[in-house]
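A quick write-up on the structure given underneath.
Here is the naming used below: chain letters follow the sequence lines, and residue numbers restart at 1 for every chain.
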Amino acid sequence: MTEERSLNFIEEIVEEDIREGKNGGRVLTRFPPEPNGYLHIGHAKSICLNFGLAKEYGGKTNLRFDDTNPVKEDVEYVDSIKEDVRWLGFEWANELYASDYFDQLYEFAVKLIKKGLAYVDDSSPEEIAAQKGTPTEPGKGNEYRNRSVEENLRLFAEMKDGKYPDGAKVLRAKIDLASPNMHLRDPLMYRIKHANHHRTGDKWCIYPMYDFAHGESDAIEQITHSVCTLEFIPHRPLYDWFIEQLEIFPSKQYEFARLNLNYTVMSKRKLLQLVNDGYVDGWDDPRMPTISGLRRRGYTPASIRDFCERIGVAKRENMIEMALLESCIREDLNKTAWRRMAVLDPIKLIVTDYPEDKTETFHGENNPEVEGGDGSREFPFSRELWIEREDFMEEPPKKFFRLAVGNMVRLKSAYIVKCEGFAKDTAGNITEVHCTHIPESQSGNDTSGLTVKGTIHWVSVRHAKTAEVRLYDRLFQVEDPSSEDGDFKDYINPDSLHIIPNAYIEPDLVNAVPGKGYQFIRKGYFTLDKNSTAEKLVFNRTVTLKDGWVKK
RNA sequence: UGUCCGAUAGUAUAAGGGUAGUACAAGUGAUUUUGGUUCAUUUAGUCUUGGUUCGAAUCCAGGUCGGACAACCA
């Protein structure tokens, strides 16, 4: 009865810690975004991991904003991050900010100065970089390194009191300039920034570096498992050094490989460029891999959580195929989306033997995957219908199951029709398809005994409503834009957005509600765009249906 | 030419000294009033060379390949 599920390496660590009674069996994780951009699907992986761990092992998760750089951060981002985490379905135990700890962090720094483990350096950024050496050559010190504790205490206090301009001085940890680990070569702890902070206002003009704030914040909150991405592995010895010297709670850091998705980019810097340079409509453009973009595109929280579950957690670098994400949303929507009919690229079908003034009302299940169909809706049928241009072929290949002269096809939830002919305009474009119908073949009442291979969707011309439909394709033409030569923006897919200004939709679709997924039968899953209005409906295509039909 | 991390089907991820499994993708067939769904089925993998062992994806050693690390960013 026990479902045997394999654990990822972090779950194994947590389980072992619990077994050994570490931290009294307590599990406290945190999700620590910097409020300088919108969350993306890569963050979703981290969110699902951190919150998932806590949920799984009876613990809690803090939401902590790493807001140590006031010039890049903004409340707009704080708000969007909170919205996205909640939308994904997670609730944090505490909403915290690294800036909550600025006083304590300042005391920590003073303590290190007093221990002779930190000093004020007047060097310029260039000088410090030069003195650090390179990964293969050791760095060397400077005269400031030998300042007395008293002088350091005085200077650091003066830094705090605003006596010096930006960049004049920094506080550095005194560790080892010859360490093979660059992060241990006297890393910066504090820098001077006369900047207004979104939380602390003008209280401070010195701000701690991430490396002197993150581990300490974890310790203050008594985070048991501090989970982050691979690039922080070399920082870990530094965090451990601070914890040891400061004698504070020993949070343990564990690193996993960040998510990479093909045909997109996943760095906040690059996403910001796409937004600022106008390549997309904003952070929530449906082509963006941001949480808000996916939401606007029609992805559901459940599908994203499922995706994060399926990609797993490990330490090797990875590049996940977009097909997996699409598989997750299709699986979810297949079970929940209401079926509707819409014609995106119309051509007129005339049922020549159907009276011009007659209208019949047919109905279709909302969702055949649900027991009972999840209810149904009605739609009118008449002599002239819109069908997809691609559902008729003048010269069909062998296994073409749709309309061609002499072929029969089922009009979904209505009649079987037989194609008798078609009409062309002077340019040779097909303008009409002519059919006759089999009256005994009415859906639900079919006594015709006929079986047909194809079923196509349709909308009554006289009753059709219109809507703008936006079709999205991958944002980039190559799997990994960042690894290509030149600028990643050179590889943007020029056809990533195709707008159909006037698609014909069945009447019931005017009742579509925001946030719900609809399957346009045979065409894909769609959802209302945030800019849709009653006067002008706008649908975004979330994802196409899988298409097993390949022309030979 | 330093330190650290990693390497299992196309893509991910399990197997923790004892049958290399799962998902997605791809192929085939069946069902189907969506060429969807569902079901069945096939293809396809342990970076390399040695060693330990009755037995190695797993442990050890060397190599190869990939990645990370030098910002008053996080």
(request) Give one of base, sugar-phosphate or nothing for A:His235, where a contact means two heavy atoms less than 4.0 Å apart. (result) base
(message) Show every ring-ring contact (aromatic ring centres under 6.0 Å, His included) that has at least one partner inside residues 167-188 of chain A, sequence neighbours left out.
(response) A:His183-A:His235
(request) Have a look at A:Gly548 and say if it touches a base, only the backbone sugar-phosphate, or nothing, with a 4.0 Å heavy-atom cut-off. (result) sugar-phosphate
(message) What's the gap between B:rC59 and B:rU22 when it is taken at their C1' atoms, as a whole Å value?
(response) 26 Å
(message) Given B:rU33, B:rG36, B:rA14, identify the nucleotide with an atom nearest to the side chain of A:Lys546.
(response) B:rG36
(request) In whole angstrom, give me the gap between the P atoms of B:rG10 and B:rA74. (result) 41 Å
(message) What's the closest nucleotide to the side chain of A:Arg410 if the choices are B:rU13, B:rU33, B:rA74?
(response) B:rU33
(message) Only Watson-Crick and G-U wobble pairs with both distances less than 3.5 Å should count. Give RNA chain B in dot-bracket notation, marking inter-strand partners with |.
(response) .((((((..((((....[..)))).(((((.......)))))....(((((..]....))))))))))).....
(request) Can you check whether any acceptor in the base of B:rU33 is under 3.5 Å from a donor in the side chain of A:Ser443, or vice versa? (result) yes
(message) Looking at A:Arg522 and B:rU34, is any side-chain donor or acceptor paired with a base atom of the opposite kind under 3.5 Å?
(response) no
(message) Students often get this wrong, so: under 4.0 angstrom with heavy atoms, is A:Pro138 touching a base, only sugar-phosphate, or nothing?
(response) nothing
(message) Counting only side-chain heavy atoms from C-beta out, which of B:rU8, B:rA25, B:rA74 sits nearest to A:Arg316?
(response) B:rU8
(request) For A:Ser179 and A:Asp176, indicate whether the former's side chain and the latter's backbone hold a donor-acceptor pair under 3.5 Å. (result) no
(request) Could you tell me whether A:Ile233 contacts a base, only the sugar-phosphate backbone, or nothing, with contacts defined as non-hydrogen atoms closer than 4.0 Å? (result) sugar-phosphate
(request) Choose from B:rA74, B:rU3, B:rU34 the nucleotide whose nearest atom is closest to any side-chain atom of A:Asp66. (result) B:rA74
(request) Measure from CD on A:Gln253 to P on B:rC69 and round the result to the nearest Å. (result) 14 Å
(request) Using the P atoms only, state how far B:rG45 lies from B:rC39, rounded to an integer number of Å. (result) 26 Å
(request) Rounded to whole angstrom, note down the C1' distance from B:rA57 over to B:rU13. (result) 14 Å
(message) Under 4.0 Å, counting only non-hydrogen atoms across every strand here, what does A:Phe232 touch: a base, just sugar-phosphate, or nothing?
(response) base
(message) If we ignore hydrogens and angles and just use 3.5 Å, is the side chain of A:Arg147 paired with the main-chain N or O of A:Val120 as donor and acceptor?
(response) yes
(message) Base, sugar-phosphate or nothing for A:Val313? Non-hydrogen atoms, less than 4.0 Å.
(response) sugar-phosphate
(message) Between A:Phe381 and A:Tyr415 (judged by ring centroids, cut-off 6.0 Å), do the two rings come close enough to count as a pair?
(response) yes
(request) Establish whether the base of B:rU34 is bridged to the side chain of A:Arg339 by a donor-acceptor pair shorter than 3.5 Å. (result) yes
(message) Closest-nucleotide mapping onto RNA chain B: is A:Phe520 or A:Asn334 further toward the 5' terminus? I mean the 5' end.
(response) A:Phe520
(message) Quick check on RNA chain B: between A:Glu317 and A:Arg191, whose nearest nucleotide comes earlier from the 5' end?
(response) A:Glu317
(request) Select base, sugar-phosphate, or nothing to describe what A:Glu34 touches, counting heavy atoms under 4.0 Å on all strands. (result) sugar-phosphate
(request) Using the six-membered ring wherever Trp is involved, compare the ring planes of A:Phe520 and A:Phe539 and label them parallel, tilted or perpendicular (cut-offs 30° and 60°). (result) perpendicular
(request) Take the angle between the ring planes of A:Tyr518 and A:Trp338 and call it parallel below 30°, perpendicular above 60°, tilted in between. (result) perpendicular
(request) Decide yes or no, distance alone: a donor-acceptor N/O pair under 3.5 angstrom between the base of B:rU38 and the side-chain of A:Glu369. (result) no
(request) Considering just the side-chain nitrogens and oxygens of A:Ser6, establish if one lies under 4.0 Å of OP1 or OP2 belonging to B:rU22. (result) no
(message) Using a heavy-atom cut-off of 4.0 Å across all strands, would you classify A:Asn181 as base, sugar-phosphate, or nothing?
(response) nothing
(request) Determine the Euclidean distance between corresponding C1' atoms of B:rG29 and B:rU49; express it in Å to zero decimal places. (result) 45 Å
(request) Would you indicate what A:Gly444 reaches in the nucleic acid, counting non-hydrogen atoms under 4.0 angstrom: base, sugar-phosphate, or nothing? (result) base
(request) With heavy atoms under 4.0 Å as the rule, sort A:Lys193 into base, sugar-phosphate or nothing. (result) sugar-phosphate
(message) Please report the distance separating the C1' of B:rA25 from the corresponding atom of B:rG63, rounded so that it comes out in whole Å.
(response) 34 Å
(message) Base, sugar-phosphate or nothing for A:Leu230? Non-hydrogen atoms, less than 4.0 Å.
(response) nothing
(request) Using distance alone, with no hydrogens and no angle criterion, decide if A:Tyr164 and A:Glu158 have a side-chain donor and acceptor under 3.5 Å apart. (result) yes
(request) Using modelled atom types only, decide if a donor and an acceptor are shared between the side chain of A:Asn367 and the backbone of A:Asn334 within a distance under 3.5 Å. (result) yes
(message) Let's see if you can work this out: which of B:rA12, B:rA74, B:rA70 has an atom nearest to the side-chain heavy atoms of A:Met209?
(response) B:rA74
(message) Of the options B:rG36, B:rU33, B:rA12, whose atoms approach the side-chain atoms of A:Pro368 most closely?
(response) B:rG36
(request) Indicate, with a heavy-atom threshold strictly under 4.0 Å, whether A:Glu255 touches base, sugar-phosphate, or nothing. (result) nothing
(request) Please state whether the base of B:rG67 and the side chain of A:Glu231 form at least one donor-acceptor pair under 3.5 Å? (result) no
(request) Examine the side chains of A:Asn36 and A:Glu73 and answer whether a donor and an acceptor come within less than 3.5 Å of each other. (result) no
(request) Choose from B:rA74, B:rA70, B:rA25 the nucleotide whose nearest atom is closest to any side-chain atom of A:Met182. (result) B:rA70
(message) A:Thr136: which residues meet the side-chain hydrogen bond (donor to acceptor under 3.5 Å, both in side chains) condition with it, sequence neighbours left out?
(response) A:Thr134
(request) Please measure how far the P atom in B:rC60 lies from the corresponding atom in B:rC4, and state the result in whole Å. (result) 15 Å
(message) Looking at A:Asp67 and A:Ala98, would you say the former's side chain and the latter's main chain have a donor-acceptor pair under 3.5 Å?
(response) yes
(message) I'd like the P distance from B:rG2 over to B:rG18, given in whole Å.
(response) 37 Å
(message) What's A:Thr544 touching, base or sugar-phosphate or nothing? Going by heavy atoms closer than 4.0 Å.
(response) nothing
(request) Assign A:Gly133 to base, sugar-phosphate, or nothing according to its heavy-atom contacts below 4.0 angstrom with the strands shown. (result) base
